[in-house]
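These figures come from a predicted structure and were not determined experimentally. Note that the numbering runs from 1 along the sequence shown for the chain. Ligands are counted one by one from 1 in listed order, and the atoms in each one are counted from 1 as well. The basis for the numbers below is simple: all heavy atoms, side chains too, and nothing from hydrogens, waters or symmetry mates.
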Amino acid sequence: MSEPVIQSVIARRIWDSRGRPTVEADVTLSDGAAGRGIAPAGASRGSREAVDKRDGGKRFGSFDVQDALQGIRTEIARALAGLDPFDQAAIDARLVALDGTPNKARLGGNALTAVSLGVLHAAAASRRLPLWFYCLGDKPAIIPLPEIQVFGGGAHAGRRTDVQDFMVIAPRAKTFAEALEVTSEVYHSAGRIMAERGLLQGVADEGGWWPAFSSNEEALETLMRAIERAGLVPGEDAAISLDVAASEFGKGGRYRLGLEQRELDRDALAEMLLQWCARYPILSIEDPFAEDDDKGFEQFTAAIGDRIQVIGDDYLVTNASRVAEAARRRSVNAALIKVNQAGTVSEAKAACDEGRRLGFGTIVSARSGETEDTSIVHLAIGWGAGQLKVGSFARSERMAKWNEALRIEEALGSKARFAGLDEMPMRRRTTKAVEAGVGGAVVGAVVDRAAALAERGYRGGRAR
Ligand code: 2PG
Ligand code: MG
């Protein structure tokens, strides 16, 4: 029997977790197998990301996607008909060439993402394999470490805090299931504390508690109390991970903390973050500086990259060349991986592979605008990423993904290894890009101060 080819691509508008239009593509093969791809949407985006095609105008807050759908129904459907669905690289190269722009603006990153994922799903369906298995092949399976949001701020919560995500990681968890148990306790304990303090205002875009704090650090303190209130030891049972998303409030080396009504320069922001790392059990910080601040990233990673994970999100935009350049500069030691930031499955996988090759931590991530689609969980396992970021521990567009990971972990049983902290760059250490070293004199002095603070304030995973 001959191998199947792509027969049809159908596009429709569906609605995302913010109630905004998004693109869904159904791809059918000549053997009857079908796959569905859905584009998520970011709110805090890097300027070098693939651009979504939106209609503008008055309808649906200018977010409608009729033009993107039209491009799929005409040009894209015609171009893919008859192609080999198992050659994802060729499919994606075809999509990129068809679009013809550096940022996918003509056909839209949302259109390309949905179609690219749709083809991948159809190919897996044709082979009668779950997506994770189709992507993994004969490589060993690693169940990723989850980082899960407790408070959501920044662009996801009316900028009630400047820092966007306050998350937890469960360092002692032996399984994904255990990591979720720890998270559940911390999440609900944080909600109870917020209620008691009269600060409970509902949830932010990714399901984390909508913060009503008067400083960014108050969120960290509350998170510490939440961990303790849950009967857990901060730093041991539950550690902290931040997404500063600093491009949202900084440019040209200057940073405006709206909540605290103050402006910091690069060194002052570094000092604040290093002090937080000394006072709180922080294991990971994403986008600590704005996307244009190479120097901030370099100095910060030199100062603390041997102890914590420093992730580039808006900074790297899931681009393999930017990952390689960041490794050369030693400006981060981990890469966030989002398919729609690159615009196709193959480009996102290339960024993930490049990160793995260079000893980086790699974190497959959802967007703030999501759907019931659970593809990213399969990709995280299929690509051996080691870490997974999906948002918080509420709302079904988030829980669908955590639950999917539980099912895959169960299906794999003893055949899978839970990554735990092992896939974080501090543990991997396979590259010079994450070697310890102290950068500029300013940051060097800050590190000494941070070390002194660590002695006094925070030690061995226990707050004093
Ligand atoms: C991020 C993501 C997910 P957004 O910054 O990492 O939290 O947010 O999808 O809005 O870019
Ligand atoms: Mg981010």
Subject >> Angle subtended at the Mg ion (ligand 2) by OE2 of Glu286 and OD2 of Asp243, nearest 10° >> reply: 80°
**OP:** Inspect the contact between Lys401 and Glu404 and indicate whether a charged nitrogen and a carboxylate oxygen are less than 4.0 angstrom apart.
**Re:** no
Original post:
Does an N or O from Ala43, backbone or side chain, lie closer than 3.5 Å to an N or O of ligand 1?
Top reply: yes
Original post:
Which ligand 1 atoms are under 4.0 Å away from a heavy-atom of Asp243?
Top reply: 1 (C), 5 (O), 6 (O)
Subject >> Identity of the nearest option to atom 7 (O) of ligand 1, non-hydrogen atoms only, from Glu286, Glu206, Lys338, Glu248 >> reply: Glu206
**OP:** Look at the side chain of Glu185 and the backbone N and O of Val182, then say whether any donor-acceptor pair between them is shorter than 3.5 Å.
**Re:** no
Original post:
Do the side chains of Arg160 and Leu259 get nearer than 4.5 Å, heavy atoms only?
Top reply: yes
Original post:
Below 3.5 angstrom, do we get any N/O pair linking Arg45 and ligand 1?
Top reply: no
Original post:
Aromatic ring centroids of Trp15 and Phe60 under 6.0 Å?
Top reply: yes
Original post:
Hey, is Gln149 one of the residues with a heavy atom under 4.0 angstrom from ligand 1?
Top reply: no
Original post:
Salt bridge or not for Lys338 and Glu49, using N-O below 4.0 Å?
Top reply: no
Subject >> Nearest option to atom 8 (O) of ligand 1, as decided by whichever heavy atom of His156, Lys389, Gln341 sits closest >> reply: His156
Subject >> Numbered atoms and elements of ligand 1 in range of Ala366, under 4.0 angstrom, heavy atoms >> reply: 3 (C)
Original post:
Taking the N/O/S atoms of Asp313 one by one, which is nearest to the Mg ion (ligand 2)?
Top reply: OD2
**OP:** Assess Ala155 for proximity to ligand 1: is some non-hydrogen atom of it under 4.0 Å away?
**Re:** no
Original post:
Is the Phe393 ring parallel, tilted or perpendicular to the Tyr187 ring (thresholds 30°, 60°)?
Top reply: perpendicular
Subject >> Region of Asp287 that comes within reach of ligand 1 [heavy atoms, distance under 4.0 Å] >> reply: neither
Original post:
When the ring planes of Tyr255 and Phe289 are compared, do they come out parallel, tilted or perpendicular, using 30° and 60° as the limits?
Top reply: perpendicular
**OP:** Run the numbers for me: atoms of ligand 1, each under 4.0 Å from some heavy atom of Asp165, listed by number.
**Re:** 7 (O)
